[in-house]
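Reckoned from all heavy atoms, side chains included, excluding hydrogens, waters and symmetry mates. Small disclaimer: the values here were computed from a predicted structure and weren't measured.
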Amino acid sequence: MNCPCGTGAAFEQCCAPFLAGAAFPETTEQLMRSRYSAFTRADIGYVVRTHHPSTVGEVDEKATHDWMRTSEWKGLEILSSKGGAEDLTGRVDFVARYTDKRGDQEHRESSMFKKKNGRWYYVDGKPGGGGETLRREAPKVGRNDPCHCGSGKKFKKCHGRPGARA
């Protein structure tokens, strides 16, 4: 059986050792993937054990366990991750897809992690992780560049001056 975390590896060689306590994730991405696998198996114990001691008291175990049990987990997409074996802090942006009584859902989050006594722990997350960065299509006009209107003046003396219309 492939691991639900999406690596393509067998569960027994991927997240199972972490959930069983036989091994510990070396990176934030491994911890995020193993926590997702715990969600698919409704393993609230693992989620609580991998929560940082400074924020574990904020976990609503009953609500989280209910969410785990009543959702059909569809997949995990890691958008970006930082936090390797040598780091002390890290971050993972991800999308977890699932279906609940409302239909298909996406949980987007930017998760923060800290290492304590050589082990990674989930600290907290902010909604909307990994949102696409908007990029300017056209080059930015500098104040000393020629004005885009063709007047021959510098932008700052033409359309770039305060109160000028674009």
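- In the model, Tyr121 has no side-chain atom that pairs as donor or acceptor with a side-chain atom of Thr50 under 3.5 Å.
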*CA sep, side-chain torsions, deciding dist, call: Thr89, Phe113, side chain to side chain contact (heavy atoms under 4.5 Å, CB included)*: CA-CA 6 Å; Thr89 61; Phe113 298 84; over 6 Å; no
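- Cation-pi geometry between Arg35 and Tyr122 is satisfied (NZ or CZ under 6.0 Å from the ring centre, within 45° of the ring normal).
- Between the Lys115 side chain and the Asp87 main chain, a donor and an acceptor come within less than 3.5 Å of each other.
- Met1 and Leu19 fall within the same hydrophobic cluster, where Ile, Leu, Val, Met, Phe, Trp and Tyr residues are linked whenever their side-chain heavy atoms come under 4.5 Å apart, directly or through other members.
- Side-chain contact annotation: Ser71 with Asp100, donor-acceptor N/O pair under 3.5 Å absent.
- For the atom pair CG (Asp104) and CZ (Arg97), the distance works out to 10.0 Å, reported to the nearest 0.5 Å.
- Following chains of ILVMFWY side-chain contacts shorter than 4.5 Å, one cannot reach Met32 starting from Phe24, and the two form parts of different hydrophobic clusters.
- Side chain to side chain, Thr55 and Asp124 fail the donor-acceptor criterion of an N or O pair below 3.5 Å.
- Side-chain contact of Glu29 with Ser81: a donor-acceptor pair under 3.5 Å is present, judged by distance alone.
- In this structure, Thr7 contributes its side chain and Ala9 its backbone to a donor-acceptor pair below 3.5 Å.
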_Verdict with reasoning, Tyr46 to Phe18, per side chain to side chain contact (heavy atoms under 4.5 Å, CB included)_ = CA-CA 9 Å; Tyr46 183 76; Phe18 302 140; 3.6 Å; yes
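- Ser111 contributes atom OG, which lies 4.0 Å from atom CZ of Phe94 (distance to the nearest 0.5 angstrom).
- Residues His52 and Trp120 place their aromatic rings such that the two centres sit no closer than 6.0 Å.
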_Does Ser110 form a side chain to side chain contact (heavy atoms under 4.5 Å, CB included) with Arg91? I'd like the steps, not just the answer._
CA-CA 7 Å; Ser110 183; Arg91 185 175 111 192; 3.3 Å; yes
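- Closest non-hydrogen pair, Ala38 versus Met68, comes out as O-CE, 4.2 Å.
- Across all their heavy atoms, Lys116 and Pro53 have their closest contact at CD-CG, 4.0 Å.
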_Before you tell me yes or no, could you show the steps for Lys82 and Thr28 under side chain to side chain contact (heavy atoms under 4.5 Å, CB included), namely the whole-Å CA-CA distance, both residues' side-chain angles and the distance that decides it to 0.1 Å?_
CA-CA 7 Å; Lys82 293 179 183 172; Thr28 57; 5.7 Å; no
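- Nearest heavy-atom pair across Pro4 and Thr40 is CG-OG1, 3.4 Å.
- Between the CH2 atom of Trp73 and the OH atom of Tyr36 there is a distance of 6.5 Å, given to the nearest 0.5 Å.
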*His107 and Trp67: ring pair (Phe, Tyr, Trp, His ring centres under 6.0 Å), yes or no, with the steps?*
CA-CA 12 Å; His107 177 79; Trp67 181 32; 5.5 Å; yes
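- Annotation for Gly8 and Asn2: closest pair O-OD1, 3.3 Å, computed over non-hydrogen atoms.
- In the hydrophobic clustering of ILVMFWY residues, with side-chain heavy atoms under 4.5 Å counting as a link, Met112 and Val56 come out apart.
- Note on Val123: it does not cluster hydrophobically with Phe39, by side-chain heavy-atom contacts below 4.5 Å among ILVMFWY residues.
- Note that CD of Gln30 and SG of Cys15 are 8.5 Å apart. Values are rounded to the nearest 0.5 Å.
- Dense packing is recorded around CD of Glu106, with more than 12 heavy atoms of other residues, nucleotides or ligands lying under 6.0 Å away.
- The main-chain N or O of Cys5 is found under 3.5 Å from a side-chain atom of Arg33 such that the two form a donor-acceptor pair.
- No more than 12 heavy-atom neighbours from other residues, nucleotides or ligands sit within 6.0 angstrom of CZ on Arg41.
- Here the straight-line distance linking atom CD of Glu86 with atom CD of Glu26 works out to 9.5 Å at 0.5 Å rounding.
- Remark: the backbone N or O of Glu61 is not paired with any side-chain donor or acceptor of Thr64 at under 3.5 angstrom.
- Rounding to the nearest 0.5 Å gives a distance of 10.5 Å between CD1 of Ile44 and CZ of Arg49.
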